[in-house]
Amino acid sequence: QVQLVESGGGLVQEGGSLRLSCAVAGRAFTILSMAWWRQAPGKEREFVAGISFTGGWTNYADSAKGRFTISRDSAKNTVYLQMNNLKPEDTAVFYCKAAEVGRTTDLWGQGTQVTVSS
């Protein structure tokens, strides 16, 4: 079955950088858009950044603007999240989401842990 595979998470010092990747594994049709969400312990999952695979638009949460950059490789059905100037409050499990033509529900990855220490 088609699934999303995230990578790039880890432990980093405050002010450091990480680059997350999310690729579609298995058979898939056209990806409409992909996005990154995150969830810290005891908190609700929140939107971080999204990008269209058909129009090229991007959208960012206020907390991500100026620090994070989302990009895509449509040929590889892969999305990236470059995170700079990381803060302890960025600590969370980051999840990749994809909307695909022909699917009635969004696809979610297993998540990758990002931990920022002070």
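Please read all numbers here as calculations on a predicted model, not as lab measurements.
- Rounding to the nearest 0.5 angstrom, the gap separating the CZ atom in Phe53 from the CE atom in Met34 is 5.0 Å.
- Sorted by first and then second residue, the disulfide (SG to SG under 2.5 Å) pairs involving residues 31-76 (not counting sequence neighbours) form an empty list.
- Screening residues 13-23 for salt bridge (charged side-chain N to carboxylate O under 4.0 Å, His left out), with sequence neighbours left out, gives no hits.
- The disulfide (SG to SG under 2.5 Å) analysis of residues 46-118, with sequence neighbours excluded, yields the pairs Cys22-Cys96.
- Sorted by first then second residue, the disulfide (SG to SG under 2.5 Å) pairs that include residues 29-93, not counting sequence neighbours, number zero.
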Tell me which donor-acceptor pairs under 3.5 Å the side chains of residues 74-84 have, and how far apart each pair is, sequence neighbours excluded?
residue	atom	partner	partner atom	Å
Ser74	OG	Arg72	NE	2.9
Thr78	OG1	Lys76	O	3.0
Gln82	NE2	Asn84	OD1	3.0
Asn84	OD1	Ser17	OG	2.9

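- A 4.5 Å side-chain heavy-atom check between Ile70 and Tyr60 finds at least one atom pair inside the cut-off.
- Heavy atoms of other residues, nucleotides or ligands lying less than 6.0 angstrom from CD of Gln39 number more than 12.
- Each of Trp36 and Trp108 belongs to its own hydrophobic cluster when Ile, Leu, Val, Met, Phe, Trp and Tyr are linked at side-chain heavy-atom distances under 4.5 angstrom.
- The two residues Pro88 and Ser118 come nearest to each other via the heavy atoms CG-CB, 4.0 Å.
- At least one donor-acceptor pair closer than 3.5 Å links the side chain of Glu6 to the backbone N or O of Gln110.
- Every residue meeting the salt bridge (charged side-chain N to carboxylate O under 4.0 Å, His left out) condition with Glu100, not counting sequence neighbours, appears here in chain and number order: Arg103.
- Looking only at side-chain heavy atoms (C-beta outward), Leu86 and Phe68 come within less than 4.5 Å of each other.
- Screening residues 78-90 for salt bridge (charged side-chain N to carboxylate O under 4.0 Å, His left out) gives Arg38-Asp90, Arg67-Asp90 as the qualifying pairs, with residues at least two apart or on separate chains.
- Here the side chain of Thr91 pairs no donor or acceptor atom with the backbone of Thr115 at under 3.5 angstrom.
- The hydrophobic cluster containing Val5, built from Ile/Leu/Val/Met/Phe/Trp/Tyr side-chain heavy atoms closer than 4.5 Å, comprises no other residue.
- Take Ser71 and apply the side-chain hydrogen bond (donor to acceptor under 3.5 Å, both in side chains) test, not counting sequence neighbours, and it matches no residue.
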Chi angles and distances behind the side chain to side chain contact (heavy atoms under 4.5 Å, CB included) call for Val93, Val114: CA-CA 6 Å; Val93 177; Val114 171; over 6 Å; no

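- Here the closest heavy-atom approach between residue Ala40 and residue Ala92 is recorded as N-CB, 3.8 Å.
- Aromatic ring centres of Tyr95 and Trp37: separated by at least 6.0 Å.
- The side-chain contact (heavy atoms from CB on, under 4.5 Å) check on Ser7 picks up Ser21, with sequence neighbours excluded.
- By the 4.5 Å side-chain criterion applied to Ile, Leu, Val, Met, Phe, Trp and Tyr, Val101 is assigned to a cluster that also includes Leu32.
- When all heavy atoms of Val12 and Gly16 are compared, the pair lying nearest together is CG2-CA, 3.7 Å.
- Considering only residues two or more places apart in sequence or on other chains, Lys65 meets the salt bridge (charged side-chain N to carboxylate O under 4.0 Å, His left out) condition with Asp62.
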